Student: 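For reference, the structure I am asking about is given below.
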Amino acid sequence: MDRSASLPSSPSSPPLPPPGPADPARPAGSSALSRAERFVWLTARVLEQRRFAYHFLSGGAEAVETALTTYLGADGGYGHALDPDLRGPVSQPPHAVHALWVLNGIGRCGGQRVERLCRYLTSVSTPDGALPVCHPSPHGYPAAPWVPSADDPRGDLLTTGPVVGLLHRNEVWHAWLFRATDFCWAAVAALGEGGAAVRPYEVAAAVTFLDGVPDRARAEAAAERLGRRVREERLIVPHPAAEPTEDRPLAPGPCESLQVHDIARTPGSLARRWFTDAEVERSLDTLLAAQQEDGGWPPPRRAWTPGATLEWRSVATIEALLTLRAYGRRI
């Protein structure tokens with residue numbers, strides 16, 4: 001995999017352009033992008049506004065980093081509901097996942113900021129060198145009902161996989177990565193072993209790890225095995241119109257189901273090989289059609305509080321546009 005091809009260039013940081021045609025006082029255009037722009041300026045957090053400007057309006061990466069800094073804690077981790085399912089100021093691993101996605105997208109996943117983040121990851125790791133879904137830091141802050149709360153949490157692929165994959169993709173080297181990478185290899189190999197149910201969002205975490213890890217031959221072999229299980233057990237909706245059945249019920253957790261575009265987010269992903277061209281195109285058709293009347297996309301999580309739902313919608317809107325553009329869809 002050509003890693004440099006997956007990372008956008010880092011343009012200079014000119015002032016952000018004005019809203020232009022998408023100004024709330026003006027009529028929105030008919031394109032998906034112009035309707036999404038109106039939604040972002042009306043409802044999104046500053047971070048998502050800066051991300052939108054970077055990816056679609058020639059905005060600067062520096063502005064995105066500045067917005068991301070407001071979520072940074074003194075311990076080098078991130079908090080303050082960067083991941084909207086975890087409220088409060090406390091740093092948590094899901095916030096680190098979110099931060100790395102943002103930094104990866106602007107080509108800034110490195111330097112002292114990431115070095116500090118790796119020190120934070122080391123400090124909250126479980127004895128096996130992995131990350132828990134939720135670290136037992138001070139309790140009492142609101143969180144989504146599916147976020148586990150335990151005084152002695154176990155390491156989990158859900159957070160460790162994306163963090164390790166994104167760090168490797170950006171050629172970050174830190175002592176924390178050695179044991180965490182071994183954990184991810186073992187966790188991916190163990191998915192579904194002994195009759196254990198595989199959660200669709202575990203598959204998504206595994207794919208992010210496999211797409212970034214340096215040992216490409218091993219990653220391709222692991223992805224092929226995982227892809228066979230995904231197809232056999234219909235863990236991912238191969239046809240977006242498919243409804244849950246008794247043998248393919250809704251999965252418990254934050255997401256009702258995942259579709260092809262949720263797993264194979266770019267054509268270069270190893271997960272793209274699991275699906276036919278027709279399945280990919282149908283999934284992209286459904287993604288494009290999911291844009292709502294106000295220009296935003298629906299949240300990728302079950303609703304649990306209005307604030308988190310609105311914040312997730314802004315995130316989902318940017319991710320939908322990026323996926324459609326990555327596949328060459330006109331937006």
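Remember, predicted model here, so these are calculated numbers, not experimental data.
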Student: Would Glu311 and Arg301 count as a salt bridge (charged side-chain N to carboxylate O under 4.0 Å, His left out) if you check the C-alpha gap in whole Å, the side-chain angles of each, and the deciding distance to 0.1 Å?
Tutor: CA-CA 11 Å; Glu311 290 168 358; Arg301 299 286 196 273; over 6 Å; no
Student: Apply salt bridge (charged side-chain N to carboxylate O under 4.0 Å, His left out) to the pair Glu48 and Arg45, showing each step before the final yes or no.
Tutor: CA-CA 5 Å; Glu48 278 70 56; Arg45 302 182 296 188; 2.7 Å; yes
Student: I'd like to know if the side chain of His261 pairs up with that of Ser283 as donor and acceptor (distance under 3.5 Å, no hydrogens or angles considered).
Tutor: yes
Student: Pairing donors with acceptors under 3.5 angstrom, does anything connect the side chains of Ser269 and Thr266?
Tutor: no
Student: Passes side-chain hydrogen bond (donor to acceptor under 3.5 Å, both in side chains), Arg113 versus Thr69? Steps please.
Tutor: CA-CA 9 Å; Arg113 182 192 300 273; Thr69 300; 3.2 Å; yes
Student: Determine, stepwise, if the pair Val40 / Ser314 fulfils side-chain contact (heavy atoms from CB on, under 4.5 Å).
Tutor: CA-CA 6 Å; Val40 166; Ser314 299; 5.7 Å; no
Student: Report the C-alpha distance between Asp85 and Arg302 in whole Å, list the side-chain angles of each, state the deciding distance to 0.1 Å, and finish with yes or no for salt bridge (charged side-chain N to carboxylate O under 4.0 Å, His left out).
Tutor: CA-CA 10 Å; Asp85 283 345; Arg302 290 188 172 104; over 6 Å; no
Student: Can Glu224 and Arg273 be said to form a salt bridge (charged side-chain N to carboxylate O under 4.0 Å, His left out), step by step?
Tutor: CA-CA 8 Å; Glu224 184 178 357; Arg273 306 176 188 181; over 6 Å; no
Student: Indicate the ring-plane relationship of Phe52 and Trp41, choosing parallel, tilted or perpendicular according to the 30° and 60° boundaries.
Tutor: perpendicular
Student: Measuring from atom CD1 of Ile318 to atom CZ of Phe56, what distance do you get when rounded to the nearest 0.5 angstrom?
Tutor: 7.5 Å
Student: Do Thr181 and His168 have a side chain donor and acceptor closer than 3.5 Å?
Tutor: yes
Student: Out of curiosity, Asp215 CG to Glu220 CD, how far, rounded to the nearest 0.5 Å?
Tutor: 9.5 Å
Student: Which atoms form the tightest heavy-atom contact between Pro298 and Ala316, and what is the distance?
Tutor: O-CB, 3.4 Å
Student: Treating Ser125 as the side-chain partner and Leu131 as the backbone partner, does any N or O pair qualify as donor plus acceptor under 3.5 Å?
Tutor: no
Student: Say you draw a straight line from CG of Leu33 to CD1 of Ile331; how long is it, rounded to the nearest 0.5 Å?
Tutor: 5.0 Å
Student: So, for Trp185 and Phe209, is the gap between ring centers shorter than 6.0 Å?
Tutor: yes
Student: Between Glu319 and Arg265, is a side-chain contact (heavy atoms from CB on, under 4.5 Å) present by the stated rule, with each step listed?
Tutor: CA-CA 9 Å; Glu319 295 303 329; Arg265 298 170 70 166; 2.8 Å; yes
Student: Determine whether a donor-acceptor pair (N or O, by modelled atom type, separation under 3.5 Å) exists between the side chain of Arg313 and the backbone of Gly296.
Tutor: yes
Student: Please report the closest heavy-atom contact between Cys118 and Leu167, naming both atoms and the distance.
Tutor: SG-CD1, 4.0 Å
